[in-house]
Amino acid sequence: MPNFQCLSPIDGSVVYRGTLCTAKQIEAGIEKARLGQKIWREVALKERVSLLQKAVDHLFDRREEIGLEITRQMGRPIRYSSSELVSLKERGDYM
């Protein structure tokens with residue numbers, strides 16, 4: 001199975017190595033997503049809001065760590081990277 005790697009635009013270092021999925025694996029993933037969508041649809045709105053708020057808070061609490069990854073993967077200046085999570089939290093709280 002073919003492998004791939006993601007390189008940092010900063011210095012060309014390998015950020016991630018992985019194996020490409022087969023068509024069969026992709027189809028299985030799509031089917032799991034469809035099943036998940038059906039299950040999610042049955043979750044009460046109040047519970048969905050609570051779960052999504054926890055997810056947003058989880059990401060926001062790790063904004064420095066995630067900001068470093070954004071910088072490594074995209075080359076975005078570090079001083080701006082953690083602000084990505086600040087705006088995510090603002091949008092999440094609003095919605």
Side-chain angles (χ1 to χ4, degrees):
M1 196 172 303
N3 293 322
F4 71 95
Q5 57 187 18
C6 294
L7 304 178
S8 173
I10 295 170
D11 60 6
S13 64
V14 176
V15 176
Y16 180 80
R17 291 183 206 283
T19 303
L20 296 174
C21 292
T22 64
K24 188 174 181 178
Q25 289 170 318
I26 293 169
E27 288 298 324
I30 291 170
E31 282 306 311
K32 285 182 183 180
R34 286 185 178 133
L35 176 60
Q37 183 183 29
K38 288 177 185 176
I39 293 168
W40 183 249
R41 187 174 26 208
E42 300 302 318
V43 176
L45 179 60
K46 189 173 183 176
E47 187 177 350
R48 284 194 251 170
V49 168
S50 176
L51 290 168
L52 291 171
Q53 186 62 58
K54 286 178 185 177
V56 167
D57 291 343
H58 178 80
L59 292 170
F60 183 75
D61 291 345
R62 286 153 185 79
R63 65 189 171 278
E64 296 302 320
E65 175 187 348
I66 294 170
L68 288 172
E69 281 301 312
I70 291 170
T71 293
R72 287 184 61 222
Q73 293 179 27
M74 296 175 56
R76 184 176 180 117
I78 190 68
R79 69 178 177 262
Y80 302 121
S81 293
S82 63
S83 68
E84 294 280 342
L85 282 297
V86 173
S87 61
L88 173 119
K89 179 153 177 55
E90 289 171 353
R91 289 188 308 273
D93 290 347
Y94 174 78
M95 295 173 95

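We count residues from 1, following the sequence as given. Predicted model, so just to flag it, every value in this text is computed and none were measured.
Contact annotation: the side chain of Lys89 approaches that of Asp93 to within less than 4.5 Å [non-hydrogen atoms, C-beta and beyond]. The shortest distance between side-chain heavy atoms of Leu88 and Arg91 falls below 4.5 Å.
The two residues Gly92 and Val56 come nearest to each other via the heavy atoms CA-CG2, 4.4 Å. Closest approach of Ile78 and Gly67 over heavy atoms only: CD1-O, 3.9 Å. Pairing each heavy atom of Ser81 with each of Thr71, the nearest pair is OG-OG1, 2.6 Å. The two atoms that bring Leu7 and Val14 nearest to each other are CD2-CG2, 3.8 Å, heavy atoms only. For the pair Lys38 and Arg41, the tightest heavy-atom approach, listed with the atom from each and the gap, is CG-NH2, 3.2 Å. Heavy-atom minimum distance, Glu69 versus Arg72: OE2-NH1, 3.0 Å.
Separating the NZ atom in Lys32 from the CD1 atom in Ile30 is a distance of 12.5 Å, to the nearest 0.5 Å. Between Arg48 atom CZ and Glu42 atom CD the span is 9.0 Å, to the nearest 0.5 Å. Annotation: the span from Ile10 atom CD1 to Gln73 atom CD amounts to 10.0 Å, rounded to 0.5 Å. Between atom NZ of residue Lys54 and atom CG of residue Leu59 there is a gap of 14.5 Å, rounded to the nearest 0.5 Å. From Leu35, atom CG reaches atom CD of Gln37 across 10.0 Å, with rounding to the nearest 0.5 Å.
Arg17 places no side-chain N or O within donor-acceptor distance of the main-chain N or O of Asn3, the cut-off being under 3.5 Å. For the pair Gln25 (side chain) and Thr22 (backbone), a donor-acceptor distance under 3.5 Å is present.
Lys24 and Glu27 are not joined by a salt bridge, as no carboxylate oxygen comes within less than 4.0 angstrom of a charged side-chain nitrogen.
In this structure, Arg63 forms a cation-pi arrangement with Phe60, its terminal cationic atom sitting closer than 6.0 Å to the ring centre and no more than 45° off the ring axis.
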Practice item. Could you walk me through whether Val86 and Glu90 pass the side chain to side chain contact (heavy atoms under 4.5 Å, CB included) test, one step at a time? Key: CA-CA 6 Å; Val86 173; Glu90 289 171 353; 3.8 Å; yes
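Partner of Arg62 under the side chain to side chain donor-acceptor pair (under 3.5 Å) criterion, out of His58, Glu64, Glu65: His58 alone.
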